[in-house]
Amino acid sequence: MSSQILNADIKNTCILNSTYLHVRDLLTDSEVNKIHALFKSGTFDDGRLTAHSAAKAVKSNLQLNHQTQEHTAIQQIILAALNRNPVFRNAVLPQSIHPFIISNYKPGMHYGWHVDSPVMGNMIRTDVALTIFLNDPEAYDGGELELQTANGNVLYKLNKGDAIFYPCTQVHRVREVTRGERNVAVSWIQSLVKETAHRKMLFEIFQITENLRNKAVGEEEYLLLQQHYSNLLRMWAN
Ligand SMILES: O=C(O)CCC(=O)C(=O)O
Ligand SMILES: [Fe+2]
């Protein structure tokens, strides 16, 4: 299936590569700075506390204690940014979002090859995983998020404020950080639409509808397209 960005407005804000959605500037610079300040005053725990048994063995990082006010404040900033983002809303179709893990990798830390649990927290089915990069890629060496795909591995190390969304079905790892520190926010989303291929089709139809809005609103074909979008979403929503 083709996977392209069809809408000019959306094109400036994200890159869709197969099923990997890279959203640019999900967080503004001012939000990243606020998060950085909260990060510095936070209390961090061993990341193995939140890993399931097989993942524990390969995980080495630090995570902001989730019972702190810093964690609550960072999570609020991120949730507000996600809620206002039309690409996120229409491409991911979020139903539930797992509380964020705010993590820090120092030199020597990594998260080896693993699969994420299919169900997490408050019975959230993990359909889409996301990593939001919270510091400059130049600030550290290594630390790439690496995903295994049928066409070879793909690596992501994005600008601060950018996010990558990927299907939870993929084996992945975080490569060892060899210099500096890697700060990210990570979460998992249960989508209204479980199948990645269905979400992609809906996102493409949504963009076509947006493209046609000005010239075709009121036309019969436009109404039919909207009807099919609505009915497909209703058919696939769970
Ligand atoms: O830090 C990342 O980019 C991903 C972390 C991860 O794979 C996980 O927490 O399960
Ligand atoms: Fe993971």
Side-chain angles (χ1 to χ4, degrees), residues 14-15 17 19-24 26-27 32 35-36 39 42 44-66 71 74-75 78 81-82 88 92 96-122 124-149 153-191 196:
C14 71
I15 300 166
N17 177 11
T19 51
Y20 307 106
L21 177 71
H22 166 182
V23 175
R24 291 200 183 100
L26 177 78
L27 300 170
V32 172
I35 291 174
H36 183 67
F39 204 93
F44 284 79
D45 302 324
D46 186 328
R48 277 173 291 203
L49 285 175
T50 57
H52 64 79
S53 53
K56 254 191 208 353
V58 295
K59 189 173 184 185
S60 151
N61 71 347
L62 296 171
Q63 293 176 178
L64 184 61
N65 185 298
H66 65 272
H71 188 280
I74 293 177
Q75 177 145 293
I78 294 175
L82 287 171
F88 168 69
V92 178
S96 316
I97 305 181
H98 188 275
F100 273 84
I101 289 181
I102 316 294
S103 50
N104 169 252
Y105 291 73
K106 298 192 191 305
M109 294 184 171
H110 71 289
Y111 194 166
W113 291 116
H114 67 278
V115 286
D116 294 336
S117 304
V119 179
M120 285 191 202
N122 198 12
I124 293 177
R125 188 190 59 231
T126 54
D127 295 321
V128 180
L130 83 139
T131 296
I132 307 174
F133 291 79
L134 298 175
N135 65 339
D136 271 324
E138 291 78 27
Y140 56 98
D141 290 331
E144 298 87 355
L145 171 65
E146 181 171 11
L147 299 138
Q148 290 182 9
T149 81
N153 293 4
V154 291
L155 296 170
Y156 286 100
K157 181 171 177 175
L158 302 179
N159 287 336
K160 66 177 179 194
D162 286 15
I164 182 76
F165 297 83
Y166 58 97
C168 290
T169 46
Q170 243 81 353
V171 174
H172 57 280
R173 70 168 171 175
V174 177
R175 286 184 167 186
E176 184 178 320
V177 170
T178 56
R179 176 192 62 89
E181 296 193 19
R182 172 189 196 257
N183 298 333
V184 294
V186 170
S187 184
W188 298 266
I189 295 162
Q190 178 167 330
S191 174
T196 304

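Counting starts at 1 for both ligands and their atoms, following the listed order. FYI, the numbering just counts along the sequence from 1.
- Per-residue contacts place H172 under 4.0 angstrom from the following atoms of ligand 1 (heavy atoms of the residue considered): 7 (O).
- Proximity to V184 (heavy-atom distance under 4.0 Å) selects the following atoms of ligand 1: 1 (O).
- At least one donor-acceptor pair under 3.5 Å links the side chain of R182 to the backbone N or O of G143.
- Near Y105, meaning under 4.0 Å from one of its heavy atoms, ligand 1 places the atoms 1 (O).
- Comparing T50, L130, V174 by heavy-atom distance to atom 5 (C) of ligand 1, the nearest is V174.
- Nearest protein heavy-atom neighbour of atom 1 (O) of ligand 1: R182 NH1, 2.8 Å.
- Aromatic ring centres of F88 and F165 lie closer together than 6.0 Å.
- Just one of K59, H66, K56 meets the side-chain hydrogen bond (donor to acceptor under 3.5 Å, both in side chains) condition when paired with T50; it is K59.
- Summarising the geometry, atom NZ belonging to K106 is positioned 14.5 Å from atom CD belonging to E176; distances are rounded to the nearest 0.5 Å.
- Atom 8 (C) of ligand 1 has its closest protein heavy atom at Y111 CE1, 3.4 Å.
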Next on the checklist: Could you go through H172 and Y166, starting from their C-alpha distance and side-chain angles, then the distance that decides it, and tell me whether this counts as ring pair (Phe, Tyr, Trp, His ring centres under 6.0 Å)?
Outcome noted: CA-CA 10 Å; H172 57 280; Y166 58 97; 5.3 Å; yes

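- In terms of polar-atom proximity, K59 is not counted as a contact of ligand 1, lacking any N or O under 3.5 Å from an N or O of the ligand.
- Ranking protein heavy atoms by distance to atom 10 (O) of ligand 1, first place goes to D116 OD1, 3.0 Å.
- Remark: side-chain polar atoms of Q63 are not paired, donor with acceptor, to backbone N or O of I102 under 3.5 angstrom.
- The side-chain heavy atoms of Y156 and N17, taken from C-beta on, include a pair separated by under 4.5 Å.
- On a distance-only criterion, W188 and ligand 1 share no N/O pair closer than 3.5 Å.
- Contact check for M109 versus V177: no side-chain heavy atoms found under the 4.5 Å cut-off.
- Around the Fe ion (ligand 2), the protein atoms of type N, O or S that sit closer than 2.8 Å are H114 NE2, D116 OD1, H172 NE2.
- Note: no N/O pair closer than 3.5 Å links S103 and ligand 1 by distance alone.
- With atom 4 (C) of ligand 1 as the reference point, the heavy atom nearest to it among I101, N183, T131, V115 is part of T131.
- Looking only at side-chain heavy atoms (C-beta outward), R24 and L26 stay at 4.5 Å or farther from each other.
- Put simply, the side chain of T178 does not reach to within 4.5 Å of the side chain of P107, judged on heavy atoms.
- Geometrically, K157 engages Y140 in a cation-pi contact, judged by NZ or CZ lying under 6.0 Å from the ring centre and within 45° of the ring axis.
- Counting heavy atoms under 4.0 Å from ligand 1, residue H114 touches it through the side chain alone.
- For T149 and Q170, the side-chain atoms include no donor-acceptor pair closer than 3.5 Å.
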